[in-house]
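Input: a single structure, listed below in structure tokens.
Only a predicted model underlies this, so the values are computations on that prediction, with no experimental measurement involved.
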Amino acid sequence: MAASMKKSMSSKKRKMEELSVDEFMLGDFDSDSDKEDTAVHQKQNQKKRKNEGLKKKEKQIASKQQKKLQEASVNQKQTKITDLKNTSKTKKTSKTHTQSLEALKDKDPEFYEFLKEEGKDLLAFNESDDEELSSDDEDLDDEVQDDDSDKEEDYDDIPTSSDEEGDLHQPPQELEVASDVSMSDEDEEEEEGGDNDKEEEDKPKKKEKKKKGLLVTSKMINDWSDTVQKTPSANVLKEMISAFRAAVHQAGSEVESSKYRVEGSAVYNAVIRMCLTLIPAALLKHLGLPPLTDLQKPVLPSKSNTKWKKIRLEIKSYLTAVLQLLSEITETSMVNVMVKHVFKLVAYYVTFPKLAKALLKKMTNLWSSAEETTRVVAFLCINRQVMISQETMLEPCIKQMYIAYVKNCKFTSPTTLPLINFMQRSLVEILTIDTVLGYQYAFIYIRQLAIHLRNAITVKKKENVQAVYNWQYIHCLALWVRLMSAAYPSEVLQPLIYPLTQTIIGTIKLTPTARYFPLRFHCIKMMNTLSESTNTFIPVLPFLLEVGTIFSM
């Protein structure tokens, strides 16, 4: 086909070349625009043909359906007519039967009487049946007439070719999508916007719920403080504790369902001041415990005390709120006030094991990193906690205090050195409470120092040497020297003097250079204090003379 088209096109071009100018002007020729118009007309004709074919098919389908409906209606009417004709025949037969019986009565009366006695069913005919048959005849006539009129109407209803073209269904050019199947993006955005609006409406409701609770006023605080000072009772203590919890949760921005609601700095400060000053003394009066000084060992509330049982849970919630407030406060003066208040409540913390562990952790942190006054009060809390329950609290106390000591003696300066000395003294005081347990931990940690030294001697790398020549290592040696000096004479701790001395000498001999002369002097000082306090001879002079020989070289 393509080859034939090319040939025809080439023949046309040649003929055009052979024509003259006059022949060309007189001749008929098509332009490109005419070709385009013919192509458009052809496409339109094809569409018309397709549309006409579709219309013809639709007309045929519609005519077939109408014919089927007409045939079905005609069949139904014919069946009704046949039924009515059958009923008319039965009527005629019943009339003839009655006539024959009347003739039999005239001809043979004896046989007629016999039939009355024996066959009453043959003689009994209901008059209602006759009436029904007569009515059926009338209905038959009416239906026949209606049938004829319906036929005429059916023939009138048959559409002509011109009517069919107007009545036929024409499908739309664009189909609509069902609303329940798919949804437009705009509707989805509207629904999402509605959901967001609902969520935004629900937020203020939640805030309103969070703000529920009775507002604490200054009058309520004054009433509580007066009643607690005169006659402390469980109900008043519960009210004060619930108000304190509400104030703490408000300061800590934590939402918790509470009976009261504290608003304003003045009310907040009044609630905190009331609880810190009045609750410890009120608890002692309410529980019947004797008042104690700071140096006396406090008395724990007995489990058999009925008053303690009633208020136990409220006291626990109060103690947790105090720890929470202590962790959120940063001002040193307020921290000191809170730690002093905790010192009065240590006996109640010990009755709750989890709270006792949390208190020990918090006080150890303050003992190792806070201000000087705060460190002293925190250590007093730790010491009181250990004295009350030595069996359960001494061992974790030694571990946590030693780890905190090692962490906070890494950087030494004239300002931090007094604090490091304070930590040494206080930790030694805790270790001497039980010398047997102190010996176990002293042996473990001195051995750990000796292992670091052995690694530095065997593998002389810069990292291993730095693990020994640092302030943490020197302060740890000083701690155990102070312990041996403070515990002497102690048969339990005396065997640790020799390994500790050998560790100090090995530290001096690790790198005997002029660079580490200050470290050498610290070690010589520790050996002198150990020798003086324990009455043990330790040869220190050779290490001092070695400084002169190395310096001269």
Side-chain angles (χ1 to χ4, degrees), residues 292 294-300 316 319-320 322-324 326-327 335-336 338-410 419-449 472 475-487 490 492-493 496:
L292 300 172
D294 295 339
L295 299 176
Q296 291 179 348
K297 184 178 179 179
V299 179
L300 297 176
K316 185 178 180 181
L319 296 175
T320 53
V322 168
L323 283 178
Q324 184 180 355
L326 183 60
S327 62
V335 172
N336 292 331
M338 290 298 298
V339 174
K340 289 178 182 178
H341 181 66
V342 169
F343 178 72
K344 297 176 182 178
L345 301 174
V346 170
Y348 303 104
Y349 275 102
V350 173
T351 56
F352 305 101
K354 291 183 179 180
L355 289 177
K357 291 180 181 178
L359 177 64
L360 178 63
K361 187 176 180 180
K362 184 62 182 176
M363 292 297 110
T364 305
N365 187 15
L366 293 173
W367 167 77
S368 62
S369 61
E371 296 291 332
E372 185 176 359
T373 55
T374 308
R375 289 185 184 216
V376 174
V377 181
F379 173 71
L380 292 175
C381 293
I382 293 168
N383 191 13
R384 175 170 279 192
Q385 192 173 1
V386 171
M387 293 299 291
I388 292 170
S389 60
Q390 182 176 341
E391 296 178 355
T392 57
M393 299 304 297
L394 181 58
E395 190 171 357
C397 179
I398 292 171
K399 288 180 181 178
Q400 292 183 22
M401 289 182 74
Y402 182 76
I403 293 168
Y405 170 75
V406 173
K407 286 181 181 178
N408 288 278
C409 67
K410 186 176 182 180
L419 300 177
I420 293 169
N421 291 329
F422 167 73
M423 286 192 289
Q424 285 181 5
R425 295 190 195 96
S426 56
L427 184 54
V428 166
E429 187 174 349
I430 296 296
L431 287 167
T432 53
I433 292 172
D434 188 358
T435 55
V436 176
L437 188 63
Y439 171 82
Q440 294 176 3
Y441 281 97
F443 177 82
I444 291 168
Y445 292 126
I446 291 169
R447 183 174 176 273
Q448 188 177 5
L449 296 173
Q472 286 178 325
H475 285 308
C476 288
L477 290 174
L479 172 66
W480 301 119
V481 168
R482 192 182 289 274
L483 176 62
M484 301 302 162
S485 301
S490 174
V492 178
L493 294 173
L496 294 175

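- Counting only heavy atoms from C-beta outward, the side chains of Val350 and Val346 approach each other to under 4.5 Å.
- Pairing each heavy atom of Ala404 with each of Asn408, the nearest pair is O-ND2, 2.7 Å.
- Crowding of Tyr441 atom OH: a count of heavy atoms from other residues, nucleotides or ligands under 6.0 Å exceeding 12.
- Aromatic ring pairs are classed by plane angle as parallel below 30°, tilted from 30° to 60° and perpendicular above 60°; the pair Phe379 and Phe422 is perpendicular.
- To the nearest 0.5 Å, the span separating CD on Gln472 from NZ on Lys407 amounts to 10.5 Å.
- A distance of 9.0 Å separates CG of Leu431 from SG of Cys397, quoted to the nearest 0.5 Å.
- With contacts defined as side-chain heavy-atom distances shorter than 4.5 Å, the pair Leu323/Tyr349 qualifies.
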Exercise. Report the C-alpha separation of Met484 and Ile446 in whole Å, then their side-chain angles, then the decisive distance to 0.1 Å, and conclude whether the side-chain contact (heavy atoms from CB on, under 4.5 Å) test is met.
Key: CA-CA 12 Å; Met484 301 302 162; Ile446 291 169; 4.2 Å; yes
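- Side-chain contact between Val377 and Asn336: absent, with no pair of heavy atoms (C-beta onward) separated by less than 4.5 Å.
- With values rounded to the nearest 0.5 angstrom, Ile430 atom CD1 is found 10.5 Å from Met393 atom CE.
- Rounding to the nearest 0.5 Å places OG of Ser368 at 10.5 Å from CG of Leu419.
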Ignoring hydrogens and angles, write down the donor-acceptor pairs under 3.5 Å from the side chains of residues 352-366, residues two or more places apart or on other chains.
residue, atom, partner, partner atom, Å
Thr364, OG1, Leu360, O, 2.6
Asn365, OD1, Ser369, OG, 3.2

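- For the atom pair CG (Leu479) and OH (Tyr402), the distance works out to 6.5 Å, reported to the nearest 0.5 Å.
- A 4.5 Å side-chain heavy-atom check between Asn383 and Ile433 finds at least one atom pair inside the cut-off.
- Closest approach of Leu483 and Ala442 over heavy atoms only: CD2-CB, 4.1 Å.
- Not counting sequence neighbours, Tyr348 has no partner by the ring pair (Phe, Tyr, Trp, His ring centres under 6.0 Å) test.
- Within the 4.5 Å cutoff, no side-chain heavy atoms of Lys340 are placed close to those of Lys344.
- Identified under the side-chain hydrogen bond (donor to acceptor under 3.5 Å, both in side chains) test for residues 422-439, with sequence neighbours left out: Trp367-Ser426, Tyr405-Gln424, Gln424-Arg482.
- Here CD1 of Ile398 is found 10.5 Å from CD1 of Ile444. Values are rounded to the nearest 0.5 Å.
- Other residues, nucleotides and ligands contribute over 12 non-hydrogen atoms within 6.0 Å of the CD atom of Gln390.
- Contact detail for Leu496 and Phe443: the closest heavy-atom pair is CD2-CD1, 3.8 Å.
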